[in-house]
Visitor: 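Before anything else, here's the structure in question.
All values derive from a computational prediction rather than experimental measurement. First listed ligand is number 1; within each ligand, the first listed atom is number 1.
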Amino acid sequence: MGKIFVDACLGKDTPYTPVWMMRQAGRYLPEYMRVRAKAGNFLNLCHNPKMASEVTLQPLDIVGVDAAILFSDILVVPNEMGMELEFIKGVGPKFHEPIRTQEDLDRLIGGKEASDRLTYVYETIKILREELDRRGDDKALIGFTGAPWTLATYMIEGQGTKTYNICKKMIYSNPKLLHNILAEVTEVVKYYMESQIKAGVDVVQIFDSWASAIEPAKYNEFSWRYIIEIVDYLKSKYPTTPIILFPKGVPAFLDQVYGNFDVFGVDWSTPMALAKEKLGNRYVLQGNMEPCRLYSKDAITECVESLANTMRDGRHIFNLGHGILPDVPVENAKHFVSECKRASKRD
Ligand code: 1CP
């Protein structure tokens with residue numbers, strides 16, 4: 001059974017260009033809100049494989065996307081490295097004891113031991129694998145992680161940030177400590193991704209959501225090369241599993257992109273034609289509708305047609321250029337998916 005999404009990741013011809021949406025299982029779906037209410041809170045939902053697998057499948061059934069993305073969060077990794085995590089209403093994720101010194105780092109659980117604690121994630125994937133195989137359709141399952149840099153921003157700052165001043169201060173005043181933190185997270189993520197593949201995901205995506213916080217001259221040193229270390233590890237053991245990288249907001253880095261991965265996720269601020277010119281011959285491109293276009297059906301159609309035209313030679317996966325927002329009408333999300341399929345249908 002060929003999966004259209006997996007084929008597209010590998011640059012093979014497909015009957016149309018497959019589509020999924022970043023953050024597609026989430027608060028814009030009333031069905032998600034019902035399961036979340038039953039779970040009590042967001043982390044309980046991540047920790048409950050039965051409920052997490054249920055919400056993972058919702059966008060396949062409701063919106064018609066071609067791939068499901070495992071329902072979890074990037075922050076379960078530092079959480080299982082021993083950092084207590086809380087999601088506070090109106091604030092977002094919070095680590096009460098951030099990592100600011102080598103002693104803080106030394107107290108964390110590392111490597112395989114930390115990744116082995118993420119059993120609820122692997123359990124969710126196993127349920128999903130079984131269910132998708134039972135259905136026998138061609139929908140794929142995406143596993144994911146945060147990039148070491150993006151995870152480190154939360155671990156060091158303790159929460160989301162607008163300025164990144166604490167972790168950026170470390171770039172310039174204590175790079176050795178930052179490299180030690182990044183190396184430790186990289187070790188855990190390697191095993192974590194490997195375990196997700198073993199549990200049954202078809203494809204993995206690495207989110208570097210806060211890539212743009214680093215100046216281009218430092219981006220490779222503090223982020224990309226750690227991502228590529230993970231890619232090299234996975235490709236040496238699982239050469240046929242496609243890898244998608246999504247570094248958000250780094251158009252100045254496009255000329256320096258390297259690595260043995262398959263799909264480059266283009267964020268909404270980078271013109272797809274520019275990404276195609278720089279990377280289209282080496283990587284399949286994913287993206288990149290500005291997520292706020294989801295508020296208008298006309299704005300959706302205009303963008304999808306333009307993307308389909310730019311990418312008419314293929315080597316493309318439709319997606320948003322970042323996550324869907326909670327107040328988007330479900331009907332518009334469905335319109336996006338059906339327009340992608342219509343506009344890219346091959347004769
Ligand atoms: O229900 C709720 O109120 C919690 C909201 C929520 C959800 C639905 C959070 C908290 N995480 C998630 C799920 C999630 N997170 C998924 C699976 C759902 C899907 O995609 O269908 C994924 C892939 C993520 C990944 C994630 N978490 C990223 C990378 C992707 C991106 O959007 O850039 C990041 C940066 C996070 C951190 C995080 N978790 C939650 C929030 C609100 C945030 C962002 C906080 C901030 O802005 O700093």
Visitor: Among all residues two or more places apart in sequence or in another chain, which pass the ring-ring contact (aromatic ring centres under 6.0 Å, His included) test with F144?
Guide: F207
Visitor: Tell me the residues surrounding ligand 1, counting only those with a heavy atom closer than 4.0 angstrom, sorted by chain and number.
Guide: R23, Q24, A25, R27, Y32, R36, F42, I69, L70, F71, S72, D73, I74, F87, P93, F144, Y154, G160, F207, S209, W210, H322
Visitor: Please assess T14 against D7 for the test side-chain hydrogen bond (donor to acceptor under 3.5 Å, both in side chains), listing each intermediate value before the final yes or no.
Guide: CA-CA 7 Å; T14 52; D7 284 350; over 6 Å; no
Visitor: Restricting to salt bridge (Lys or Arg N to Asp or Glu O under 4.0 Å), what partner residues turn up for R134, sequence neighbours left out?
Guide: E131
Visitor: Report yes or no: do Y238 and E194 form a side-chain donor-acceptor pair below 3.5 Å?
Guide: yes
Visitor: Does a sphere of radius 6.0 Å around CD in E130 hold more than 12 heavy atoms from other residues, nucleotides or ligands, not counting ones at 6.0 Å or beyond?
Guide: no
Visitor: For residues 76-127, which residue pairs qualify under ring pair (Phe, Tyr, Trp, His ring centres under 6.0 Å), counting only residues two or more places apart or in two chains?
Guide: F42-F87, H47-Y120
